[in-house]
Structure formats: C-alpha cells, structure tokens
Protein chains: 2
Amino acid sequence: MASIKDIAARTGLSLATISRVFNDSPKVSAKTRQKVLKVAAELHYVPNIGAAALRSGKSRVIGVLIPEINNHFFGEVVTGIEKKMKNWGYNIIISQTHESSDLELEMLESFMKLNVDGIIISTTKEPTDPTIFKKLKDKKVPVVFFDRLPPVHSHSSVILDDHEGGQIATQHLIDQGCKHIVHIAGDKNVSIFQQRQRGFEDALRLNNHPFDSHQIFELTTDTKSNKKLIQKLLTDHPDIDGFFAHGDYYALYVMDILKSLNVDIPNKIKIVGFGNTDFTDHLQPSLTTVDQNCHQMGQLTAETLMKHIESDEIIHSKQVLTPKLVVRDSSN
Amino acid sequence: MASIKDIAARTGLSLATISRVFNDSPKVSAKTRQKVLKVAAELHYVPNIGAAALRSGKSRVIGVLIPEINNHFFGEVVTGIEKKMKNWGYNIIISQTHESSDLELEMLESFMKLNVDGIIISTTKEPTDPTIFKKLKDKKVPVVFFDRLPPVHSHSSVILDDHEGGQIATQHLIDQGCKHIVHIAGDKNVSIFQQRQRGFEDALRLNNHPFDSHQIFELTTDTKSNKKLIQKLLTDHPDIDGFFAHGDYYALYVMDILKSLNVDIPNKIKIVGFGNTDFTDHLQPSLTTVDQNCHQMGQLTAETLMKHIESDEIIHSKQVLTPKLVVRDSSN
DNA sequence: ACTTTTTTTGTAAACGTTAACAGTGGGTAA
DNA sequence: TTACCCACTGTTAACGTTTACAAAAAAAGT
C-alpha cells in the first residue's frame with residue numbers, strides 16, 4: 001500500500017511537496033508535479049483521505065439521512081444531492097432511519113464519529129429528541145433539513161409548499177366540476193401532511209364548498225384495513241365525486257377499490273394524488289398528481305449545505321419550493 | 001472537541017487505558033471503566049473512528065455500490081445488508097452508479113480512498129473494465145457481488161436462480177392453460193435477464209410447446225415506443241393468451257395496453273411479472289409475479305462478506321437463491 | 001556582483017487513535 | 001524472605017497526511 005512517503009523516497013522530494021501536488025497547490029513547479037504524478041501512477045498510489053481528514057479536520061464526506069431509501073421521492077432528492085456534491089468533490093454517505101427515531105439518533109451519532117463535514121436530513125415521523133440537533137449545533141456541524149423538519153430547530157431548511165400543493169390539487173378537482181371531495185389524509189405527526197390537508201380545506205373554503213368531517217379520511221397504519229374503510233366511506237356517501245390523496249399510493253388504493261366497484265374514472269369520480277411517483281403514469285387511467293420537484297429540491301439542499309460549510313456565518317435560510325400539478329386521465 | 005487525551009488528563013489515567021475502555025478490552029478494572037465512561041459523558045466525547053481506522057488499518061466501513069437506489073429490488077437488498085452489518089458494528093456507505101460504468105469505476109476508487117473494509121456490488125448493465133476488480137483483488141479488499149456479476153471475475157457472489165424464476169413463471173402460465181405465451185425480454189447485456197429468458201424457453205420446450213421468434217419480444221430503451229410495439233404485437237397475433245415479463249414494470253405496460261383494449265385479464269390473457277415490486281399487489285387485477293427474496297439476498301451477501309473480512313483465506317463461494325412464485329389475480 | 005524579491009522545496013510537529021512492550025503492585029507459593 | 005504470577009496500567013512509536021515555518025534556489029532589480 002503505497003503512501004506519500006514512498007513517493008517521496010522514490011523521487012527524492014519531501015513529503016510536503018508530494019502532498020502539495022495532490023492538493024493542486026499552485027506553489028509547485030510543473031516539472032516536479034509531472035515527476036510526482038508519474039511515480040505515483042507507477043506505485044498505484046491511492047491517497048488516504050482518512051489520514052488527510054484527521055490532519056486537516058475536513059473529511060470531505062457529507063452524511064445524508066432519510067427515512068427510506070426505497071421511496072421515490074427521497075431517492076430522487078438524494079440523486080440531486082449526489083450530483084451537486086460530486087461536483088464539489090464531496091462524497092456522500094446515505095443512511096436510512098426506517099422511520100425510527102432511535103435509529104435516527106444512532107445514525108446521526110454515527111455521522112459524528114465519521115466526522116462528516118455536513119449533514120442533510122429529512123426527519124422521521126415520530127419526532128426525535130431535539131437534543132441531538134442542539135449537539136450538532138454545538139459541535140458546529142452544518143445541518144440542512146429538507147422536506148420534513150423537526151417541530152423546533154435552528155438550522156436551514158428546504159421544503160415544498162405543501163399547502164399550495166394541497167390547494168392546487170383541490171382547486172383542480174373543483175374546476176373539473178367536483179362537488180363532494182374527500183381528502184385521504186396522512187399521518188398527523190408529519191407537518192407536510194398537515195399542510196396538504198390545510199391546503200385542501202382552504203381550497204374548499206375559498207370556493208364556498210360545504211365541508212364536513214367525513215371529508216377528511218384518516219388512515220391507519222394497516223393497509224388492508226384502510227382499504228375496507230375507504231370502501232365503507234364510499235357506500236356511506238354515494239355522491240362523492242372526487243378524491244385528493246396525500247400520497248400517490250393512497251390514490252392507488254382508492255382507484256383500486258373504485259375499479260372493483262365498476263365506478264367510471266374520471267367521469268363519475270375524479271382522483272388526484274401527490275408525489276408524481278413513477279408508477280402514476282403507467283396506471284389505467286393514468287393518475288393526476290402533484291409533482292414535488294425532487295431533483296431541484298436535492299440540488300438546492302446541497303447548495304445550501306455548501307454555503308454553510310464554506311462560511312462560518314450562521315445564516316439560517318428557509319427556502320420553499322412550489323409544487324406543480326401534473327394533469328392526467330384520472331381527473332380529466 | 002474532546003479526545004481521549006482530554007479524558008486521560010481529567011481522570012489521571014493514560015491514553016492506553018482510555019482506549020481500552022472504548023474497545024471493550026477485558027483488561028481494565030470495573031472501577032476505572034466506570035470513571036472513564038463518566039468523564040467521557042461529561043465531555044461529550046465522540047470517538048474519532050477515522051483516527052482509529054488510520055492507526056488500526058480497519059475502518060469498519062463497508063461500501064455498497066448499486067445501479068440505482070430508487071429501485072425496489074436494490075433498496076430491499078440494501079436494507080438486508082444494512083441490518084446485518086449494523087449488528088456486526090459496521091457502517092455502510094451506499095453509492096449508486098446510475099448504470100454508468102464510468103461512475104462505477106469512480107465510486108469504487110472512492111471506496112478505496114475511504115479505505116473501506118469490504119465492498120458489496122451489483123454491476124451496471126454496460127460491462128465495466130475488469131482491471132478495477134483485479135486492482136481490488138491485489139489490494140486484498142474483500143468483494144462480494146450480488147444479483148448482477150461481471151462476465152469474468154474471481155470473487156464470491158450471491159445470485160438468484162433467474163433461470164428457475166423464468167421457468168416457474170412460464171410453467172405456471174402453462175399450467176393455467178396458456179398455449180401462446182410471449183416473453184417480454186430485458187437487456188441482452190444483463191445475464192440475469194438472459195437467464196430469465198432461457199428459463200422461459202426451456203419451460204416451453206419441456207412442455208412441447210411450439211416456439212417462434214416473435215414470442216421473444218425485445219424492448220427498446222424508450223418506454224413510449226415499447227408500448228406501441230407491444231400493441232402491434234397483439235394485433236399481429238390475436239391468439240396470444242399469456243405474457244411473462246422479465247420485470248414488473250413491463251408487465252404493467254402490457255396490462256395497461258390490454259385494459260385499454262378491453263381485454264379480459266386473466267380470462268382471455270394471463271400475465272406474470274418478475275420482482276414482486278411493491279405496487280404489484282395494488283394493481284387491478286393484482287399481478288402474479290416472481291419474488292426475488294431481496295431481504296434474504298442482502299443478509300446472505302453481508303454474511304459472505306463478513307466471512308471474507310474475518311478470514312484471509314481466499315475461498316470463493318457462489319451462492320444461488322431460489323425464487324418463489326407469488327400467484328395473484330392476473331393469472332388465476 | 002550583490003541585494004532583494006519571488007518561487008519552489010524542506011523540516012517537523014501535529015491530528016486522535018492503537019498496540020506492542022514495559023512497568024507496577026499485590027498476592028501466592030516456595 | 002524471595003521469586004513469580006496476575007491483573008491492571010503506563011510509555012511510546014507508529015498510521016498517512018497537512019501545514020506553519022524555515023530554507024534554499026532562481027529570478028529580478030540595482
């Protein structure tokens with residue numbers, strides 16, 4: 001395992017010079033640079049960035065912590081982050097919490113041990129003990145949140161305007177002639193889901209639509225029973241003519257049930273989802289949904305983190321992206 | 001940023017003793033251990049595993065390289081790997097190649113720089129320059145492949161019996177009475193897709209079914225034109241009564257088209273996919289598919305890597321998992 | 001030729017940890 | 001008493017880099 005020392009011996013130069021070559025220092029002559037590079041190639045030299053990190057205090061690694069890797073939205077955001085970070089010469093390490101705040105804590109500590117230069121995180125549904133975030137702040141580890149934030153924090157964040165998303169989705173259904181719309185709501189603990197619901201309610205209000213509590217349909221964690229409950233809802237209220245689900249998967253549930261009841265979509269009932277998940281375009285009928293602009297969110301998050309890494313100034317920013325309605329057959 | 005040096009100063013003990021406490025060395029008295037742990041907590045000590053890695057040569061980090069994070073199969077496998085590795089006290093870092101062999105190379109080199117203790121990889125579709133694998137071998141970095149292997153290599157691997165998968169899927173269709181089955185084939189460069197196709201062909205042969213070249217339907221990279229081509233296939237051969245797709249997504253394509261043509265599934269045409277992707281259970285009708293046992297594959301891969309890490313013996317193993325048919329409404 | 005400046009190179013200490021080796025001191029056996 | 005073992009603790013030199021500082025060499029100015 002060749003090191004900088006071996007190259008120094010082979011070239012007759014000092015450690016410092018070799019180091020400078022690999023750090024693209026301007027203060028080394030072209031001739032020596034060439035010589036060093038040549039010898040380095042011969043020895044199959046691979047820089048030990050761990051050692052460099054130890055000495056310099058900068059690991060050039062940033063940690064990304066998300067609830068679930070296997071989720072279209074998070075996957076796309078991560079890809080956006082990755083792209084930007086690689087340009088800046090940073091490695092990213094991805095970990096998932098599986099929605100467990102214990103795991104979240106554990107992984108964040110793991111990040112600290114690995115001496116990451118920064119952390120990007122979208123929190124779990126169950127709120128995490130905020131002390132860890134304070135700890136990170138004390139240690140001056142730059143942190144940026146995206147999409148899901150803890151209820152109280154003092155870091156930068158990049159989020160989607162979920163309220164707007166709920167609103168445009170609902171407004172679209174109203175514009176298409178729906179009179180009796182039901183919202184399939186998400187977990188109460190997650191602020192983005194609350195926002196989508198508020199967007200829904202506000203849209204109804206703005207259009208002077210009546211509103212009754214059954215129009216907020218709350219989900220359980222059991223997917224099978226959800227199905228049954230939705231089914232019951234439909235028989236209880238046969239004049240329902242629109243659904244806005246807080247997530248594409250739940251829109252799929254509804255569609256599934258409606259199809260089995262031979263309901264005409266979109267003529268009798270129209271459906272709008274949320275997320276623009278990849279399968280939505282392949283359904284029959286294809287699903288109208290709200291696009292979250294994942295990629296852009298990833299890039300913006302990465303940029304924000306970089307700003308924090310580069311300057312020690314503690315300027316917290318709150319950036320809000322606007323969602324976009326993607327109209328497809330299920331509502332048209 | 002407290003280090004063991006600070007703890008040593010505070011407790012009056014030596015560096016070695018502190019280090020021993022954090023390495024669970026048996027040769028340290030209960031009393032001192034307590035004292036050290038107490039002071040460590042007070043100072044908010046976080047071990048610097050980078051420094052430990054530098055000194056010991058073991059980073060306790062393993063690199064996982066997959067084509068796409070946002071893919072149900074890979075996501076699940078990674079979760080399996082993660083679970084096992086955490087038990088062993090290892091961190092995993094996940095990177096994606098986006099099917100680019102250039103990126104694959106880059107990420108592998110990145111892993112080497114980070115001094116990972118081992119690498120788990122599922123290769124890209126385009127074959128990668130095999131010299132990198134030789135290099136890893138020379139550096140004695142343990143490597144285990146899963147699911148997708150390079151054509152030639154000398155490392156351990158864990159794969160699915162894709163041939164078997166193709167066969168049981170096809171046999172199932174035959175058992176259900178299908179006489180004219182078409183296989184939606186995958187990328188010719190990927191051996192697992194070849195295997196699935198061979199399983200299909202062998203099943204036909206075993207049952208003395210006729211076979212014509214149009215029964216292998218080759219996909220392009222453009223999803224829109226795929227759809228059109230499938231449509232044409234159906235009009236050219238109206239007596240087709242079964243489809244076996246090499247992936248669930250393509251099964252969905254077919255279902256989509258059939259539905260728009262008002263074909264009765266499964267009574268007129270039956271469909272089987274591959275992958276047991278999460279959406280398959282939510283389709284209408286739900287999709288029969290082949291389960292790849294992702295989780296088990298992940299765990300097995302992790303175990304195999306651990307064996308390589310722990311013993312220097314170079315015993316290459318080839319482990320093959322058996323797929324399982326999940327029968328649902330699309331073929332029943 | 002002789003400073004002075006600029007460019008290039010070298011020296012050496014540090015980063016936080018580990019581990020081989022060398023103590024220390026109390027207890028037991030001779 | 002001495003010798004020896006044991007459980008525990010300490011000393012110290014690494015691991016592969018970076019970086020302030022010092023030094024030398026080259027270039028430029030007089």
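Note that the structure is predicted; figures quoted are calculated from it, not measured. Proteins come first, then strands; the chains are lettered A, B, ... in the order of their sequence lines, and each starts at number 1.
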Participant: Is B/Leu13 touching bases, backbone alone, or none of the nucleic acid, heavy atoms closer than 4.0 Å?
Facilitator: sugar-phosphate

Participant: Does A/Arg55 get its side chain close enough to the base of D/dT17, under 3.5 Å, for a donor-acceptor pair?
Facilitator: no

Participant: In whole Å, what is the span from the CD1 atom of B/Ile7 to the C1' atom of C/dT18?
Facilitator: 15 Å

Participant: Side-chain N or O of B/Ser56 versus OP1/OP2 of C/dT18: is the shortest distance under 4.0 Å?
Facilitator: no

Participant: Looking only at the side chain of A/Ser3 (C-beta and beyond, no hydrogens), which of the listed nucleotides D/dT17, C/dC15, C/dT9 gets closest?
Facilitator: D/dT17

Participant: Provide, to the nearest angstrom, the distance between the NZ atom belonging to B/Lys5 and the P atom belonging to D/dT12.
Facilitator: 14 Å

Participant: Given atom CG of A/Leu114 and atom P of C/dT17, what is their separation to the nearest angstrom?
Facilitator: 13 Å

Participant: Which atom names give the shortest non-hydrogen contact between B/His308 and B/Pro142, and what distance separates them?
Facilitator: CB-CB, 3.9 Å

Participant: Does C/dT18 have OP1 or OP2 sitting under 4.0 Å from an N or O in the side chain of B/Ser19?
Facilitator: yes

Participant: Expressed as a whole number of angstroms, how long is the span from B/Arg20:CZ to D/dA7:P?
Facilitator: 14 Å

Participant: May I ask you to say what B/Ala16 touches in the nucleic acid, namely base, sugar-phosphate or nothing, with a heavy-atom cut-off under 4.0 Å?
Facilitator: base

Participant: Does A/Lys86 pair with A/Glu82 as a salt bridge, N-O distance under 4.0 Å?
Facilitator: no

Participant: Figure out the NZ/P separation between B/Lys27 and C/dA22, and round it to whole Å.
Facilitator: 13 Å

Participant: Using distance alone, with no hydrogens and no angle criterion, decide if B/Thr131 and B/Asp129 have a side-chain donor and acceptor under 3.5 Å apart.
Facilitator: yes

Participant: It should be established whether A/Thr17 places a side-chain nitrogen or oxygen under 4.0 Å from OP1 or OP2 of nucleotide C/dT8.
Facilitator: no

Participant: Compare side-chain N and O positions of B/Ser29 against OP1 and OP2 of D/dT9 and report whether any pair is under 4.0 Å apart.
Facilitator: yes

Participant: Between C/dT9 atom P and A/Leu15 atom CG, what is the distance in whole Å?
Facilitator: 14 Å

Participant: Can you see if the side chain of A/Ser14 gets near the phosphate of C/dT11 - specifically, an N or O under 4.0 Å from OP1 or OP2?
Facilitator: no

Participant: Is the number of heavy atoms from other residues, nucleotides or ligands within 6.0 Å of CD (B/Glu126) greater than 12?
Facilitator: yes

Participant: Does a donor on one side chain sit under 3.5 Å from an acceptor on the other, for A/Thr123 and A/Glu104?
Facilitator: no

Participant: Please state how far atom CD1 in A/Ile4 lies from atom P in D/dC15, giving the value in whole angstrom units.
Facilitator: 14 Å

Participant: Expressed in angstrom and rounded to an integer, what is the separation of B/Asn115 atom CG from D/dG16 atom C1'?
Facilitator: 10 Å

Participant: Taking only the side-chain heavy atoms of A/Asn48 (C-beta and beyond), determine which of D/dT17, C/dT9, C/dT17 contains the nearest atom.
Facilitator: D/dT17

